[in-house]
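Heads up, the thing below is written out as structure tokens.
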Amino acid sequence: MGMNRYHRFYCRSGSWARTVEERVLPWALHGVPLGGDTLEIGPGYGVTTDGLLHRVDRLTLAEVDPAAVERLRRRYGGLAGVVHADGAELPLPDGRFDAVTCFTMLHHVPSPERQDRLFAEARRVLRPGGVFAGCDALDGTLFRLVHRGDTCVPVPPDTLAGRLRAAGFEEAQVSAGKGRFRFRAFAGGA
């Protein structure tokens, strides 16, 4: 999914890493039961992955960009499994994971239809009772400037709970914060 030069620079910066560790992940994951086996969709440069590693027993990363896949494999070696895959077409078995996460990447999925397919795939690979959780940015002027020239399809948070239920989740919650929103959706059958 395309990103402009500034956006690529910022997403691998120390400033963004601190923001993710100190604010984004604690807020997005507050009260979320990740369980032992977690999938992260779209880790990109791995900044969010760093924060997940100490929160779960086993972590698998699904990344669509081939260059990012190679960076992730070098960086995380035996710490996390890395799969070259589009989140909307996961080559992973049904019901494998306790949790699926994605952080600040949904707006890089190129269409609402592909986003919905990603939601359905997240549901498919979750065990009964599992959780799909994460966050993304709210649309706005600064957001659009940072994403100029990027693949950028913002997710309207007021439609997300319904879209997650349509993808097969039993319960979905969405809440907004400063400049971003978080979500959690639960697979039935626990």
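- Heavy atoms only, all atoms of each residue included: Arg124 and Pro93 are closest at NH1-C, 3.7 Å.
- Side-chain contact between Leu34 and Phe97 is absent, with no heavy atoms from C-beta onward closer than 4.5 Å.
- Counting all heavy atoms, side chain and backbone alike, Ala120 lies closest to Ala167 at N-CB, 3.7 Å.
- Formation of a donor-acceptor pair under 3.5 Å by the Arg73 side chain with backbone atoms of Val82 is found in this model.
- Looking only at distances, no side-chain donor or acceptor of Arg55 sits under 3.5 Å from a matching main-chain atom of Leu29.
- Side-chain contact between Tyr76 and Leu59 is absent, with no heavy atoms from C-beta onward closer than 4.5 Å.
- Considering CG of Leu72 and OH of Tyr45, their distance stands at 10.5 Å, rounded to 0.5 Å.
- Using a distance-only test at 3.5 Å, with no hydrogens or angles considered, no donor-acceptor pair links the side chain of Asp37 to the main chain of Asp98.
- The nearest pair of heavy atoms linking Ala80 to Leu53 is CB-CD2, 4.4 Å.
- How far OG1 of Thr19 is from CG of Leu25: 11.0 Å, rounded to the nearest 0.5 Å.
- The shortest non-hydrogen separation linking Ala172 to Ala161 is CB-O, 3.7 Å.
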Just do the salt bridge (Lys or Arg N to Asp or Glu O under 4.0 Å) check on Glu89 and Arg114 with the steps written out, would you?
-> CA-CA 9 Å; Glu89 298 176 26; Arg114 292 299 284 177; 3.0 Å; yes
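- Comment: Glu121 engages Arg117 in a salt bridge, judged by a side-chain N to carboxylate O separation of less than 4.0 angstrom.
- Classified by interplanar angle (parallel below 30°, tilted 30° to 60°, perpendicular above 60°), the ring pair Phe169/Phe132 is parallel.
- A distance-only check finds no donor-acceptor pair linking the side chain of Asp139 to the backbone of Pro154 [under 3.5 Å].
- Nearest heavy-atom pair, Val32 versus Ala133, reported as atom, atom and distance to 0.1 Å: CG1-CB, 3.9 Å.
- With hydrogens and angles disregarded, a donor-acceptor distance shorter than 3.5 Å links the side chain of Gln115 to the backbone of Val153.
- Atom CG of Asp57 sits about 8.5 Å away from atom OG1 of Thr38, to the nearest 0.5 Å.
- Side chains of Thr49 and Leu79 form no contact here, defined as non-hydrogen atoms less than 4.5 Å apart.
- Residues Thr48 and Met105 fail the side-chain proximity criterion, which asks for heavy atoms closer than 4.5 Å.
- Listed for the Arg18 side chain is a donor-acceptor partner under 3.5 Å among the backbone atoms of Gly14.
- For the atom pair CZ (Phe181) and CG (Leu160), the distance works out to 5.5 Å, reported to the nearest 0.5 Å.
- Interatomic distance, Phe183 CZ to Cys135 SG, rounded to the nearest 0.5 Å: 7.5 Å.
- Minimum heavy-atom separation, Val131 to Arg184: CG2-CB, 4.1 Å.
- Side-chain contact between Arg163 and Pro156 is present, with at least one heavy-atom pair separated by less than 4.5 Å.
- No donor-acceptor pair under 3.5 Å is formed between the side chain of His84 and the backbone N or O of Asp65.
- Distance alone, capped at 3.5 Å, places no donor-acceptor pair between the His107 side chain and the Cys152 backbone.
- Taking CD of Glu170 as the reference point, atom CG of Leu164 lies at 13.5 Å (rounded to 0.5 Å).
- Judged purely by atom type and a 3.5 angstrom limit, Glu40 has no side-chain atom pairing as donor or acceptor with the backbone of Leu61.
- In this structure, Leu39 and Leu90 have side chains that are in contact, with non-hydrogen atoms separated by less than 4.5 Å.
- Between the side chain of Arg182 and the backbone N or O of Trp27 there is at least one donor-acceptor pair closer than 3.5 Å.
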